[in-house]
Structures are given as structure tokens and as C-alpha cells.
Amino acid sequence: MGVYTHTEGNWFSRRGTFLILLIAFHVLLLWALKSGFAIQVMEMITPPIKVAVIKEEKEVEPPPPPPPVKMVELPPISVPPVLVDIQIPVDAPPPQITITTAPPPPGPPAPVVYQAPPAPKVVSAYGIAYKPDVADLYPPSSIQMEEQGKPIVKVCWDAKGKVVTSEVAKSSGIKRLDDAAIKYGKQMRFKPGISEGVATGDCANQPVVFSLK
């Protein structure tokens, strides 16, 4: 008993399937190339290769040194003598030479002597013409309180010997005694000094002693 196999129809079916798969593969490949999917898959599979261009630096050689300067000796320069033809008349008189001497330099100036004015001559000094009694000017309240002191007053007078000012030069520490000493100085009278025949005023310090003994 024989078996019949339909081989031709089977072969055509396999061939058609292969063509369809081949066409689909090409379509898929074109789509992957256009959309960039194939490039992404290749980058995922293999990392990108970076290419860098390295320039090789050439060593620059320094320029050669300049040649040494040659010293050239110049020949000596000879200057010809200058000939001046001077014609002197025979009948002309010889030239007269006049010699002038410079005056001698002036000597140092004479020293200048400055004379100070003479000091005024005092014929007589001042003197005291009148002094009041200290007891008359002793404040009664100071006597009751047994206050004592020695103030000094500065008294100035004019050319007539009259007191112009009287002020405390050194205080006794008690105002009543200082005021009494000022009154004491105002009541004094002086003999003015004489300078070059002219009476002059002056000032002096006068101590005033207030004591109960």
C-alpha cells in the first residue's frame, strides 16, 4: 500500500512564510534605522568610542646666538697742517701791547661795634614816708576770736609817693585779716626814687603782722 505525500504544497507554504518574514525583517530594519532605535540599541550594547585628537607639540629649538662682532681697527687719521699766509707790511709800525692790571680785591669790612645804651643811674631809692599803726586796723572781731596772721600786700605808688593799688600777695588764711592788710597798704606813703633827676614810682611787698602779744 503506498502513501501519497503532497510535497509541493508544503514547499510553497514554507517559501511564502520565509518571504513574509524576510519582508517584515527589512521593513522593521528600515523603521529602526529611520527612527534611530537601532542606534540606541547599538549604544546600549557597545559604549560609544570617544576619539580625541592630540596635537603633538614640537619642541621649539632656541635660535642660534648671533655671531661675535669683529673689532675692526681703523687706520689713524692724519690731519694736514693748516698753512696761514700772513702778510705784514714792512713799513707798518710794530703792534703795541697794552697790559692792564686788575685792581686788588677789597679787604674785609671793618667790624661794627655796637654800643649798648648806658644804664640809667639811680640817684636815690624809694623810702617809706608813713606807716599806719597795725593796732588801729586790727579787726575787733578777730581780737575777740583771737585770730592772728601775717598777710603780705603788694603796694604800688606813683611818682608823688601816693599809693595807687594795694592787693594781697600772700594770704593769711583769714579774710578779715587780709582785708585789714589791704587797708594798711592804702594808708602808706612813700618817698619815690629818682632816676636821671626824674622821680619814679615803684611797687613793693609789705608784710603786715597781726599779733595779740
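Position 1 is the first residue of the sequence, and the numbers go up from there.
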Value rounded to 0.5 Å, distance of [atom1] in [X] from [atom2] in [Y]:
X	Y	atom1	atom2	value
Ile128	Lys191	CD1	NZ	10.5 Å
Arg189	Lys160	CZ	NZ	12.5 Å
Tyr138	Tyr184	OH	OH	14.5 Å

Could you report the tightest heavy-atom contact between [X] and [Y], atom names first, then the distance?
X	Y	value
Ala180	Phe210	CB-CZ, 3.6 Å
Pro192	Ala159	CG-O, 2.9 Å
Gln187	Pro132	OE1-CB, 3.5 Å
Ala181	Ser166	O-OG, 4.5 Å
Asp158	Lys162	OD1-N, 2.8 Å

ask   = Parallel, tilted or perpendicular for Phe190 and Trp157, by the 30°/60° rule?
value = parallel
inquiry  = Between the side chains of Asp179 and Lys183, is the shortest nitrogen-to-carboxylate-oxygen separation below 4.0 Å, so that they form an ion pair?
reply    = no
Check: Gly185 main-chain N/O paired with Gln206 side-chain donor or acceptor under 3.5 Å = no
message = Looking at Pro151, is its backbone amide N or carbonyl O close enough to the side chain of Asp178 to form a donor-acceptor pair, meaning the two atoms are under 3.5 Å apart?
response = no
query = salt bridge (Lys or Arg N to Asp or Glu O under 4.0 Å): which pairs involve residues 137-151, sequence neighbours left out?
reply = Glu147-Arg176
State, yes or no, whether a side-chain contact exists between [X] and [Y] at a heavy-atom distance under 4.5 Å.
X	Y	result
Pro139	Leu177	yes
Val208	Val134	yes
Val153	Lys170	no
Ile143	Leu212	yes

query = Stepwise, does the side-chain contact (heavy atoms from CB on, under 4.5 Å) test hold for Ile194 with Thr200?
reply = CA-CA 6 Å; Ile194 299 175; Thr200 59; over 6 Å; no
